Amino acid sequence: MSSHKPLLQLHIFSPLDYYRGSGGPQTVERKRWGTPVLKGFLKAGKQLGYDIIDPNAAEQIGFSEIDLTARNGQRWSTAEAYIKPAAQTRPNLHVLVDARVTQVIFNSNRRATGVRFLHHGKVKTALASREVVMSAGAIGSPHLLLLSGVGPAYHLKEHGIPVVVDLPGVGQNLQDHPNVPGLAWTVTKGSSFNYLTLANPKHVLDYVKNRQGPLTSPVGTEGNAWPPSPVGDPYWPEIQLAFVSGTPATDFGLVLPGTFRFRKELYHNFYKSILGKEGFSLVPLINRPKSRGSVTLRSRDPLADPLIDTNFLADPDDAAVLVRGVKFALEVGSAPALRQEHGAKFHDKLLPECAHNKPFSDAYWECYVRYFTHTSYHPAGTCKMAPESDPYSVVDHRLRLRGVTGLRVVDASIMPLVVSGNTNAAAIMIGERAADLVKEDWGVPVYG
Ligand SMILES: Cc1cc2nc3c(=O)[nH]c(=O)nc-3n(C[C@H](O)[C@H](O)[C@H](O)COP(=O)(O)OP(=O)(O)OC[C@H]3O[C@@H](n4cnc5c(N)ncnc54)[C@H](O)[C@@H]3O)c2cc1C
């Protein structure tokens, strides 16, 4: 899909940069603040023979600082970029918060005519004179379709839901970028991130007055690296290695164990010796996983969460990619720029659950990878866009739901394959493209 309108605007690069748009609503900025050890990470890349790259340009192999969806040092979400400005200028836009859609309403001709939703404890209905656009995300959209009678007929019948259309692909083909979050290095004091930094009044003032300093930075990921692939096209990296300026133990266990869903005993035993110490993590993730998961109904109660089976690493190739990612991380972590200049020391305590394997052998790392595997929060693929000949196709090339009329799905669920990079920009582009498709289909000039 390609939209000709500039969507992403990067402030730091020249607007003439071939790979960057300008003038679009969604801005992207370079980081305004970084830890000293981020410089060590980039220097480590150079020492290993890599270039420092712009990750959005043609060349993907190399090391980079991250870009941020921010404007003037402040998070620039799609609400800031699109909804708030439109709410000020368009009398026909009504935004209802705290509303939960429970069902799409179809008439007897299988045309979507509106939605039923819960709002402050009351069931309400919104009717559509033209069409319904569903953007509930790669978990929410298939869940809502299943609740509305669109999905595999046998599964709907299991839950006593009348079948509007039998679409076997709804909720299937779930993909993500599985990652391994546990690899940790400690560093010399002052090199990395310290949580007290955020509470320092000097930094708070710097942010409020100048939009500068640590509070302009998302806590955590500061850089990325992409090594060449040993399998297939070497220039199409199979791994993204995230550089995170903290370890799972940096915050003394206040927030991070919950974020990574570590078991309490694991956390306190495995990370005990580095609790509260400054450090960094290197987190490999798979760009193009082969395993596929699913989103299905737990119950026909619309307020019950769906069942999410990530099925991570079901395909052994995915585990092999992550083991290669761990080895690359170890190589980066022991580069002189990190070891000598920042005192980087790998937390090499053996994971008890994997200690039956020869320490740090491929078998040990595969066990480790399977133990720690975690979501990157990039779910995609559960309402697959595909030709009609594909039995798992859910939407067509104009994002129209198959088998019904008047309903489009517009979110990361339509990706047939998860993009081989972070998903946010791609999800926004799907929204941009869909806006053009809707206009075209209703005879409205696209660029008028
Ligand atoms: C913690 C986290 C960190 C992330 N970090 C990054 C990152 O650094 N870079 C990156 O590129 N991507 C990142 N992502 C991924 C990125 O946010 C998603 O890929 C993107 O938001 C997907 O867009 P979407 O429109 O498909 O779904 P969403 O953004 O999830 O939008 C779906 C919306 O539908 C609403 N909804 C669902 N069901 C219903 C219902 N029944 N009724 C009413 N509303 C409903 C949800 O509340 C949500 O607001 C991150 C995601 C998470 C969760």
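Counting convention: from 1, in listed order, for ligands and their atoms alike. All values derive from a computational prediction rather than experimental measurement.
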> Among pairs that include at least one residue of residues 116-145, which meet salt bridge (Lys or Arg N to Asp or Glu O under 4.0 Å), considering only residues two or more places apart or in two chains?
Replying inline: E131-R408
> side-chain hydrogen bond (donor to acceptor under 3.5 Å, both in side chains) with N173: which residues, sequence neighbours excluded?
Replying inline: Q175, R292
> Are N311 and S291 linked by a side-chain donor-acceptor pair shorter than 3.5 Å?
Replying inline: no
>> What does the 4.0 Å heavy-atom contact list look like for ligand 1?
In response: A99, R100, V101, S135, A136, G137, Y377, H378, D411, A412, N422, T423, N424, A427
> Is the closest basic N to carboxylate O distance between E222 and K31 below 4.0 Å?
Replying inline: yes
> Do F193 and F280 have ring centroids that are under 6.0 Å from one another?
Replying inline: no
Run the side-chain donor-acceptor check on residues 146-161: report pairs under 3.5 Å with partners two or more places apart or on a different chain.
| residue | atom | partner | partner atom | Å |
| --- | --- | --- | --- | --- |
| S148 | OG | V104 | N | 2.9 |
| S148 | OG | L144 | O | 2.6 |
| H155 | ND1 | E158 | OE1 | 3.0 |
| H155 | NE2 | L297 | N | 2.9 |
| H159 | NE2 | L297 | O | 3.3 |

